[in-house]
Trainee: 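Structure incoming, see below.
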Amino acid sequence: MQYAPTKQQYYSVFKTLIIVFLLLVLSNQNNDRLYGNETGKSLNKAPSGPAIHVIFTGEENGYLEPCGCSEVQLGGLPRRHSLINLLRKDDNNGIILSLGDIPGKVGRQDEIKMETTLKAFEQMGYTAHNIGEKDISMGIDLLGYLSQISSVNFVSSNIVNLNPQILKIEPYIIKEIKTKETTLKVGILGIVSPGLIDDVYQEIEVVDPIVSLKPLLNKLSDKTDLLILLSHAEIEDSIKIAEIYPEFDLIISGHGIDEPVLHLAKVKNTYVIPVGEKGKYLGTITIPPEFSRRNGDRSSNSFLPPAEIISLDKRFEDSPEMKILLKTYQQRLMDEELLAQVFKTDLPSNLTFIGNDDCAVCHNKIFRHWEGTSHATAYETLVKAEHEYDPECIECHVTGLNYFTGFETIESTPGLRGVGCESCHGPGSNHKETQSKDYGKADVEICEICHEDEHSPNFEFKEYWQKIIHPLEEK
Ligand code: HEC
Ligand code: HEC
Ligand code: HEC
Ligand code: HEC
């Protein structure tokens, strides 16, 4: 008879413990790969077991995908779709929310972007889009048209709709989420800060959100388990709303914040979470299935679910559906010949762009060296990326797009493809005649027109210039 375990038994228990430990570590790592812990963006650990995801994204600001100019860029609709698919793999009745501001600026390209992005929202299963000031600035006609045709609900709790015939907006939405245990009712409201609206519109009036939210909250508080505000306002204004209306569980805020996690705030009962702009991040709140507060005490918030902000980096693959959508978008830019509509500025004193071939006659050594740099093939880069009809890309990948006599199309101005001599030295028609030494001073400021933070985050003049420095000319 043996009462004390043998060495063997000790050993085997020890072995089991090690295996369990390893399994735990490994399963955690899997989680990290999905939720992005190593990026430091995680606010809280997601609970295990089936759960409901409330997913939210910030201002799009006209950013459909990373351009590919630098390795480290975040975001893009294709990655977002993959992540949403991952998150929703076991429930199909979650909630996906957009904070507002689809376009980046005004113009035809951004109109097409709005349609494209809304189509993407539909395919991803978005529940609601809050109206931001940039959406409004595209004009009430377009916004109205999109609000009519889109299956995504447009929501605003502080835009008074004076023309419901044109514009379809809801002051709030109640979304029901059915789980095995219960049915959750989630109230979704949205505001845009009146201070952000420049123009006056006949069809709408934007009122103080503090005033317009009050009656809505009175109505919704008892009827819902969770109240979410999409707050298209400065973070200070969002915090103020949280102080006045502790009924909100979650205020998704934005505006001018690109490093979202640094700004998380708990104000009384409410989490105020900026989610960052340009679709670079995706936020999610994971609600446990048994969550219900309707009969409980609203002011006690101890069981507020955890939130996470996930960086959309290379861990997430491009979804095929979104890639097709973006291809169609490029096709439309081509069909509508947007390159021909780019706004052009006059050059001073009748100067014109003449193209590299003319320079090559007198500066042959420099020209031949330039031919071997990536500046010379910058246009071909866009062809490879299937973006050569996209004015937003062409600008930095050819010579003189924004000036008369600069690049127009590859057929009409083939000599101005790529980042040519005159991209850095300026139009050379006069210098060709005079051969003046006063021509073409180029320095770091010229580089930084294209090598700016977004497209060339590692740019450092000395180092970059060394890579492409001209050879000495024989005199
Ligand atoms: C503001 C100027 C600018 C705009 C706009 C721009 N690019 Fe670029 N692009 C650059 C610069 C500068 C680089 C080189 C970056 C570096 O190496 O530091 C680059 C590099 C690239 C590269 C990588 C080339 C290689 O060989 O690695 C690709 C691909 C690219 N751009 C595609 C695009 C696309 C597609 C768009 C439009 C969606 C676009 N770019 C818009 C400036 C721009
Ligand atoms: C007909 C011949 C000729 C053509 C064509 C020509 N250059 Fe020159 N370039 C010269 C001569 C000569 C100088 C002066 C060299 C010197 O005196 O050191 C010069 C000087 C320059 C300088 C230096 C100015 C300085 O700071 O000293 C630059 C930059 C330059 N050329 C760029 C260009 C570019 C770009 C083109 C094409 C758009 C071009 N050149 C076309 C002959 C030409
Ligand atoms: C008109 C826009 C524009 C200007 C001005 C410009 N660049 Fe570029 N540069 C680009 C683009 C676009 C690329 C990427 C080309 C590609 O690979 O397709 C690039 C690529 C480069 C690269 C290659 C990067 C790599 O690692 O492959 C270097 C180096 C570079 N630029 C240096 C400079 C310097 C130095 C200046 C200023 C003296 C300058 N550039 C001015 C647009 C510009
Ligand atoms: C990416 C920007 C860029 C491009 C493209 C470029 N240059 Fe330059 N170039 C410069 C800069 C910057 C200097 C000044 C170098 C300095 O101050 O040391 C310069 C200087 C020169 C000079 C003065 C002589 C010298 O070597 O200092 C000549 C001539 C010249 N470039 C001709 C050309 C020609 C011809 C082309 C096209 C084949 C061309 N450059 C393309 C940026 C560029």
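Note that ligands are numbered from 1 as they come in the structure, with each ligand's atoms numbered from 1 the same way. Sequence positions, counted from 1, serve as the residue numbers for this chain.
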Trainee: Would you mind telling me if ligand 2 is within reach of the side chain of Ile354, the backbone, both or neither, using heavy atoms under 4.0 Å?
Mentor: side chain
Trainee: Using non-hydrogen atoms of the residue, decide whether Ile449 is closer than 4.0 angstrom to ligand 3.
Mentor: no
Trainee: Before accepting this row, confirm whether a basic side-chain N of the pair Glu59/Lys280 lies closer than 4.0 Å to the acidic partner's carboxylate O.
Mentor: no
Trainee: Of all the atoms in Cys450, is at least one N, O or S atom closer to atom 8 (Fe) of ligand 3 than 2.8 Å?
Mentor: no
Trainee: What are the atoms of ligand 3, with element, lying closer than 4.0 Å to any heavy atom of Lys467?
Mentor: 26 (O), 29 (C)
Trainee: Check whether any side-chain N or O of Glu122 sits under 3.5 Å from a backbone N or O of Ser151 as a donor-acceptor pair, and report yes or no.
Mentor: yes
Trainee: Please check whether Lys441 reaches ligand 2 - meaning an N/O of the residue sits under 3.5 Å from an N/O of the ligand, judged on distance alone.
Mentor: yes
Trainee: With atom 8 (Fe) of ligand 1 at the center, what angle do SG from Cys69 and NE2 from His397 span, rounded to 10 degrees?
Mentor: 170°
Trainee: Glu452 heavy atoms, cut-off 4.0 Å: which ligand 1 atoms fall inside?
Mentor: 1 (C)
Trainee: May I ask you to say whether Glu336 pairs ionically with Arg108, meaning some side-chain N is under 4.0 Å from a carboxylate O?
Mentor: yes
Trainee: Short list, please: which atoms of ligand 3 are under 4.0 Å from a heavy atom of Ile468?
Mentor: 29 (C), 32 (C), 33 (C), 34 (C), 35 (C)
Trainee: Which residue supplies the protein heavy atom nearest to atom 34 (C) of ligand 3, what is that atom called, and how far is it?
Mentor: Cys447 SG, 3.6 Å
Trainee: Is the shortest distance from a heavy atom of Asn458 to ligand 1 less than 4.0 Å?
Mentor: no
Trainee: Please list, in number order, the atoms of ligand 3 under 4.0 Å from a heavy atom of Thr381.
Mentor: 16 (C), 17 (O), 18 (O)
Trainee: Of all the non-hydrogen atoms in the protein, which one sits nearest to atom 5 (C) of ligand 3, and at what distance?
Mentor: Ile446 O, 3.5 Å
Trainee: How are the rings of His470 and Trp465 set relative to one another: parallel (under 30°), tilted (30 to 60°) or perpendicular (over 60°)?
Mentor: perpendicular
Trainee: Distance to 0.1 Å, residue and atom name: give those for the protein heavy atom nearest to atom 28 (C) of ligand 3.
Mentor: Tyr464 CD2, 3.6 Å
Trainee: Just go through Gly400, Ser456, Cys396 and tell me whose heavy atom is the nearest to atom 12 (C) of ligand 3.
Mentor: Cys396
Trainee: Starting from atom 15 (C) of ligand 3, what is the nearest protein heavy atom, named by residue and atom, and what distance separates them?
Mentor: Ser374 O, 3.5 Å
Trainee: Taking the six-membered ring of Phe404, is the NZ or CZ of Lys344 close enough (under 6.0 Å from the centre) and on axis enough (within 45°)?
Mentor: no
Trainee: NE2 (His451) to atom 8 (Fe) of ligand 3 to NE2 (His375): angle, nearest 10 degrees?
Mentor: 170°
Trainee: Just to confirm my output: which protein heavy-atom neighbour is closest to atom 23 (C) of ligand 1, and how far is it?
Mentor: Gly68 O, 3.5 Å
